[in-house]
Structures are given as structure tokens and as C-alpha cells.
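Comments concern the structure below.
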There are 2 protein chains.
Amino acid sequence: MPDGSLTQTQKALITLRQRILGGALSGGTRLFEVALADELQISRTPIRAALSRLAEEGLLERGKGGGFVVRSFALADVVDTIDLRGVLEGTAARYAAERGAPAAALAKAQLVLRDIDRVICQQVIDMEAYSALNTVFHGLLADMAQSPTLARELARITALPFASPSAFLEDHERLETLQRILTVAQAQHRAILDAIANRESGRAESLAREHARAARRNVEFLLSQEAALREGVSSLALLAE
Amino acid sequence: MPDGSLTQTQKALITLRQRILGGALSGGTRLFEVALADELQISRTPIRAALSRLAEEGLLERGKGGGFVVRSFALADVVDTIDLRGVLEGTAARYAAERGAPAAALAKAQLVLRDIDRVICQQVIDMEAYSALNTVFHGLLADMAQSPTLARELARITALPFASPSAFLEDHERLETLQRILTVAQAQHRAILDAIANRESGRAESLAREHARAARRNVEFLLSQEAALREGVSSLALLAE
DNA sequence: AATTACTGGTATGTATACATTCTGCGAAGC
DNA sequence: GCTTCGCAGAATGTATACATACCAGTAATT
């Protein structure tokens, strides 16, 4: 639990977020200000601020007569959220193609893809590096759409751990499987960029949607495994039973 | 300014929301807790809570070192947001078609369309009644998708006054123009419902997107008018200069 | 002259006492 | 037996005093 020069609100925010995402607080659990204040040794005011921001992030819901409840995510919600990301990224790709992406962004995206190539051809894949690069690529896609509104909503969705573009990748056991998945994803990245560069908006949209669909297949695969295997999937810790 | 048995937070929330939507606070304006507390005769704590919720609604943004700033909406943002609603409603319609909408919802939607018919064939159109029915119809569409995630995001977007399904309709001067617009919209409603009932997902999605496009055309038309005419368009009061 | 360090003012952050409201349970009344 | 009233407690809502952090303006030092 970090304690640098953070404000009390930030400390509470980090701790509580961690607990929710980590599954320590299961969906439907009501959070009481006094109890939390007592436990975390922080006064009610910053606790309240933290709860409010968690509601803003979509991890909590406001109860009827005040109060906050941990939002519960069912499998169907996870799948829907990933698909929704696909829809939004599809729209971003379409906008980028229709409006014409800035040459600088396109060039940068090409460089990122080159870097990703370098990472995935290694014998031991550095997943942290891949995730970082993948996130940058998807961020560039959002930028190329030149729509702050869309970028905002995409950021909101992506903030949920299971909807992030790099979710569920670190959880594949076999190297071959992982390498195959990443190779296909990279081909999709190239195709999306190509469609945008050629101003093929329909193609760009479809490809981006399909790209997210791969993430959905990943979840469905992981959930078809034995429960024991699912234990380690940190992105799914907050799933309801 | 209402004062029933509302909490201070609610009062502050309502007042501030009204000011932002009404354009009394232009985009980029920073809101200071103390100043607001002093002016509204409410202590800082509920002011803070209200500001936090307005940030959640998307009307305010959090500044770098704390503090809140009124979000500024340019014309491009309005257009993008309406299109985004189209994308989301398109997705809702597609889901409804793919998953199969509950018979009860379909029947209810048919009834609503019947009611809308009755409203728009009048000599003097009761716009309040139309807006209410139109909102119900769009709400049913969101329900038929059977995706809480999607419904949530749709509700978020629709909360912005210029992105609501019924925005900009009350601002048409000539009766014939209004009647033509509503007639076309109603035809689109029917087509969307038909596509959903027939499980034609692609058609349903395209139609719902096009339906939102009509709202976009409305904005663009209104903004092409003289500034004097735009004065009365309440949904656009918060637009940046 | 440029830079830095001080300082006053103003902003948000925090703690806490007090107010209010809601809820669940139990007893009284129908 | 069921409803309703009311009470107790526990929760959130509110006010406010105090702490801290940030910024700008100014003066001192290099």
C-alpha cells in the first residue's frame, strides 16, 4: 500500500479500487463511509471523495437513499463491454478513414507496429512491453479519429480492466498459442492502419470490430477452462459468481 | 429555483446544472467552491458533492490540481455526440435483432408508435407529448438490446441535452417542416421495429444510425440560420462561441 | 539582468461535530 | 393476523474550523 506524498483521497481511491478490481469486494457489497474511515484510518470526507470518483469510473453505483454499492459484473457484461469497445474502436477507425488521419499519427503508428513486431518474434515474449505498445497503438487510433467525444467514451470503457485492449493476453499458458494470437492481432493492426490510410472507412470499421472480437474469444476460451485455471486471471477477479 | 424537501446537494446540483445547460456559465469557466458556497448560501461540502456529480454527468471536468472547469462544447462536439448516439442506438437495434426482442417490449413499442401517430396528425402538435413518447420509444429500444452495459452508455450520452432523441424538434418555426420531419422519423421508427421483429440485424443497425443522422441534420439546419433565430434554441445554449 | 527564495493570499484537502433521514424492529391497535 | 405507528440506531448530509498546497508578486542575491 503506497503512502508517498499522496493525499488521503488518493490513498483511499487506490486502496478501494484495488480491492474492487482484485475481487476482495464482491459485486453488490455496500460500502459504508464510517466503516471504511475506521478501517483505513482516514476521515469520512476523503473516503466520500474516493467513493464518488469510483462511481465516476463505473466501479461503484449510487444506492437509492445515498450510499455506494460495488457494481457487479456478470460474464455477459464482460462480453458486452468488449463488444462495445469494438463498436467504439470501429467508429474511431471509420472516422479516421473518413476525416483523414494526420500523417504524423499514421507514421507513429507504423513505428509502433514495427516495435510490436520486434517484441512478438522473440522466444520469450515480454508481455509488459507488448501491453504498453498495444495500448499506445489503440490510443493513436482514438487520436486519429479526431473526436474528443469518442476518445472520451473509449477511455471510459477501456478503464475497465477486462475491456482494455491488452486484457487476457498474459494468461495464456502455451507460448505457441500466445504467439499465434499476437501474430493475428498484429495482422489486424496492419489491416486497420492500411484501411485508414486508404480512406476505406467501411473496411476500417469492420476490421476494428473484428479485432475486438478476438479479445472476446479470449475471454470465452479462458472461461471454458477449469475454475482452477481461472484463478490466476487477474482481470476477471471482479466477476460475479 | 425549487426548494421543496431537497437536500442542499440536490439544490446545488440543480442550480448549477441549470446554469451550465442554460449557458450562464460558459465553457472553460472554473468553478470555485468558496465563491459558489457564498453565493448559493450553502456550505462547501454539498457544493463539492454537486460538482463531483456534475463531473460524473460530463458537464464539468476536473482540473489538474483539483478544482472543476465547465466543459466546453463546440459545434463539432455536438455533431459527434449525436452521431455517437446513432452508433450506440444502432448497436442496440442490432443486438435486439440478433438476440430477439421480448414480445412484450415489441408490443409496447407498437403501442407507443400508435400514440405518436395520433399526436403528429393533429393540427397543433403537442410537442411535450411527442417528446415524452419519443423518449419512451428510444428507451424501449435500449431495453430490447438486453445489454445493461449498452443501456448505461446510451443513458450517459442521452443525458446531454443536445444529444437527446427529442432535441431540436421544438425549434422549428413552420408547422409543415415539423410535420414532415416527424413523419419521416415515424417511418424510421416503424422500419427499425420491423427489422428487429424480423431479426434483420444489419438493417436494424443501419436504420437506427440513419435515424440519429436526422437529428444531426436538424442541428446543422438550425445553425445555418441567423444568430437571432438560434437564440431560442435552448439545447444549444451551452455551445461555445 | 536573471534567478531564486520568501511571503501573503487563495485555493483545495481534511477532520470532526452536529443534523437529518432512513430503516428495521417491536409493540399497540384494528 | 395484519397493519401501522413510533422509536432506536446507524447511515448519510451539512457546516465549519483548521491544514496544506499552490501561485503570484516582490525583494534579495548572484
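Numbered from 1 within each chain, the chains take letters A, B, ... in sequence-line order. Everything numeric in this text was worked out from a predicted model, so none of it was measured.
No side-chain N or O of B/T15 forms a donor-acceptor pair with one of B/Q18 less than 3.5 Å apart.
Of the candidates B/L25, B/L54, B/V69, B/L25 is the only one forming a side-chain contact (heavy atoms from CB on, under 4.5 Å) with B/L31.
Between the A/S131 side chain and the A/E128 main chain, no donor and acceptor come within less than 3.5 Å of each other. Although no hydrogens or angles enter the test, the distance criterion places a donor-acceptor pair under 3.5 Å between the side chain of B/Q146 and the main chain of B/G100.
The interatomic distance linking B/L13 (CG) with D/dG13 (P) rounds to 12 Å, in whole Å. The distance from atom CD1 of B/I47 to atom C1' of C/dT12 is 14 Å, rounded to the nearest whole Å. At whole-Å resolution of the value, CZ in A/R30 and C1' in D/dT12 are 8 Å apart. B/L36 places its CG atom 11 Å from the P atom of C/dA11, with the value rounded to the nearest Å. If you measure from atom CD of B/E33 to atom P of D/dT20, you get 18 Å, rounded to the nearest angstrom. The CZ-P distance, from A/R62 to D/dA11, rounds to 19 Å in whole Å. If you take NZ of B/K64 and C1' of C/dT12, they are 12 Å apart, rounded to a whole angstrom.
In this structure, A/F68 has its ring center at least 6.0 angstrom away from the ring center of A/F32.
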Identify the pairs formed between an N or O of the protein and an N or O of nucleotides 14-17 of chain C at a distance under 3.5 Å, and give each distance.
unit_1, atom_1, unit_2, atom_2, d
C/dT14, OP1, A/Q8, N, 2.3
C/dT14, OP1, A/T9, N, 3.4
C/dT14, OP2, A/T9, N, 3.4
C/dT14, OP2, A/T9, OG1, 2.3
C/dA15, OP1, A/Q8, NE2, 3.2
C/dA15, OP2, A/S43, N, 2.9
C/dA15, OP2, A/S43, OG, 2.8
C/dA15, O5', A/S43, OG, 3.4
C/dA15, N7, A/T45, OG1, 2.8
C/dT16, O4, A/T45, OG1, 3.3

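A/L51 comes within 4.0 angstrom of no nucleic acid atom, judged by non-hydrogen atoms across all strands.
Note on A/E57 versus A/R156: no salt bridge recorded, every NZ/NE/NH1/NH2 to OD/OE distance being 4.0 Å or above.
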